[in-house]
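Order of the sequence lines fixes the chain letters, A, B, ..., with proteins taken first and strands second; residue numbering starts at 1 for each chain.
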There are 2 protein chains.
Amino acid sequence: MTRECNNSMLRRASRMLGQVYDDALAPSGLRATQFGLLAQIDIMREPALRELAAEIVMDLSALSHTLKPLIRDGYVALVPDKNDRRVKRVTLTKAGRKKLEQTSKLWADAQRRFEKTFGDKRAADLRAVLEELSSEDFRRAFTGSP
Amino acid sequence: MTRECNNSMLRRASRMLGQVYDDALAPSGLRATQFGLLAQIDIMREPALRELAAEIVMDLSALSHTLKPLIRDGYVALVPDKNDRRVKRVTLTKAGRKKLEQTSKLWADAQRRFEKTFGDKRAADLRAVLEELSSEDFRRAFTGSP
DNA sequence: CTTCATTGCTGGCATATGCCAGTAATATTA
DNA sequence: TAATATTACTGGCATATGCCAGCAATGAAG
């Protein structure tokens with residue numbers, strides 16, 4: 001892999017981690033991305049689609065598509081906002097909360113294995129770096145926009 | 001974003017970097033992933049599909065699918081191996097080499113901006129970490145397989 | 001209040017990625 | 001050598017992700 005390309009390297013590592021986390025969560029029937037989504041929705045408490053998309057740095061339309069399987073399976077629901085009829089808020093259903101709760105054990109185990117393999121501090125440092133790269137500040141600095 | 005999840009954080013950063021690199025390469029008509037593929041094929045010199053997939057940590061089938069647009073657009077071709085008729089080797093066409101060459105300028109500029117924003121040494125360190133996470137050694141250590 | 005711009009979301013299309021079930025070719029073994 | 005196992009790839013289906021073109025609701029101007 002063109003080892004100098006920051007983007008290619010990041011994607012490649014993403015595929016690797018996606019594969020091993022997917023395997024770890026497989027017994028739950030959830031993909032790692034889906035688990036991440038449920039967890040994020042749980043944390044944000046009925047975010048608007050727009051807000052959730054911004055938080056996870058995902059295109060709004062892509063988010064809608066990604067939510068579809070979770071809605072179909074009854075883990076997530078979209079509820080219209082009371083004050084602004086354009087807005088849809090994302091919520092976990094009871095089944096969704098239960099699924100999240102159950103799957104958390106598998107996820108925690110994957111985390112443990114990651115940190116045992118890679119090191120607790122290195123993992124925390126890596127997450128901090130990734131947080132930085134995911135910020136709008138970074139995007140602005142990179143693109144050189146105001 | 002569930003800031004403790006290594007996988008979610010990695011994916012999120014991947015989306016961000018994908019977006020900004022895609023923008024940077026947009027004038028070429030190539031996506032950042034496609035550019036990375038062309039560059040990797042160029043480096044590996046007629047790899048078998050299987051070898052290329054392993055190198056970039058991508059499912060063989062996924063790689064075949066991802067190559068389709070590049071084949072359709074005439075940048076890449078699959079040639080059967082002489083000694084083993086199961087094997088298909090991946091090559092750049094003349095147009096593919098030219099496209100790679102041209103797009104390299106845009107890519108180099110994106111790299112420059114990344115490193116200016118993030119720091120040369122930090123970028124190199126990050127790539128080293130990502131290389132480690134992409135290794136089969138890491139996968140084995142994580143999964144606890146022999 | 002009417003017009004126009006902005007905002008939030010949906011749908012369609014395209015690429016990216018993975019799993020699984022074949023299929024063909026090669027390698028291994030009885 | 002014939003039967004079997006393994007390997008390399010293809011195709012179908014599903015999710016993940018992004019862009020663009022609407023469309024409806026809200027906000028800003030006049």
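Taking each heavy atom of B:P27 and B:L106 in turn, the nearest pair found is CB-CD1, 4.1 Å.
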Side-chain polar contacts of residues 93-100 of chain B - donor-acceptor pairs under 3.5 angstrom, sequence neighbours left out - could you list them?
residue	atom	partner	partner atom	Å
B:T93	OG1	B:G74	O	2.5
B:T93	OG1	B:Y75	O	3.3
B:T93	OG1	B:A95	N	3.4
B:T93	OG1	B:G96	N	3.0
B:R97	NH1	B:L92	O	3.1
B:K99	NZ	B:S28	O	2.7

Using a 3.5 Å cut-off and no angle test, enumerate the donor-acceptor pairs between side-chain atoms of residues 34-47 of chain A and protein atoms at least two apart in sequence or in another chain.
residue	atom	partner	partner atom	Å
A:Q34	OE1	A:R31	N	3.0
A:Q40	OE1	B:M1	N	2.8
A:Q40	OE1	B:T2	N	2.7

Quick one: side chains of residues 9-18 of chain A, donor-acceptor pairs under 3.5 Å with protein atoms, not counting sequence neighbours, listed by atom name and distance.
residue	atom	partner	partner atom	Å
A:R12	NH1	B:E55	O	3.0
A:R12	NH2	B:E131	OE1	3.2
A:R15	NE	B:I56	O	3.2
A:R15	NE	B:V57	O	3.3
A:R15	NH2	B:I56	O	2.7

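Counting to the nearest Å, the P atom of D:dA16 and the CZ atom of B:R11 are 8 Å from each other. In this structure, A:E55 places its CD atom 18 Å from C1' of C:dG8, rounding to the nearest Å. One can place CG of B:L67 at 11 Å from P of C:dT17, the figure rounded to the nearest angstrom. Taking atom CG of residue B:L25 and atom P of nucleotide C:dA16, one finds them 12 Å apart after rounding to whole Å. If you measure from atom CG of B:L10 to atom P of D:dT17, you get 12 Å, rounded to the nearest angstrom. As a whole-Å value, the separation of A:E51 CD from C:dG8 P is 9 Å. Whole-Å rounding puts the A:N7 CG to C:dT15 C1' distance at 14 Å. Distance, B:I71 CD1 to D:dG11 P: 11 Å, rounded to whole Å.
A:S64 has a side-chain polar atom (N or O) that falls below the 4.0 Å cut-off from OP1 or OP2 of C:dT10. At least one side-chain nitrogen or oxygen of A:K88 sits closer than 4.0 Å to the OP1 or OP2 atom of C:dT10.
Every residue meeting the salt bridge (Lys or Arg N to Asp or Glu O under 4.0 Å) condition with A:R122, not counting sequence neighbours, appears here in chain and number order: B:E132. Residues passing the side chain to side chain contact (heavy atoms under 4.5 Å, CB included) test with A:A32, sequence neighbours excluded: A:Y21, A:D22, A:L25, B:N7. Taking the side chain to side chain donor-acceptor pair (under 3.5 Å) definition, one finds that A:Q19 meets it with B:R139, sequence neighbours left out. Scanning for side chain to side chain contact (heavy atoms under 4.5 Å, CB included) contacts around A:A62 gives A:M58, A:D59, with sequence neighbours left out.
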Legend entry - B/S/- contact track for nucleotides 18-29 of chain D, protein heavy atom under 4.0 Å: BBB----BS---
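Residue contacts shown for B:T33 are limited to sugar-phosphate atoms, with no base heavy atom under 4.0 Å away. In this structure, B:R72 reaches the sugar-phosphate backbone alone: every heavy-atom distance under 4.0 Å involves primed, P, OP1 or OP2 atoms, never a base. Within 4.0 Å (heavy atoms only), A:L60 reaches at least one base atom of the nucleic acid.
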Give me the distances for all protein-to-nucleotides 21-23 of chain C N/O pairs that come in under 3.5 Å?
none

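For the pair B:D109 and B:R113, the salt-bridge criterion is met [side-chain N within less than 4.0 Å of a carboxylate O].
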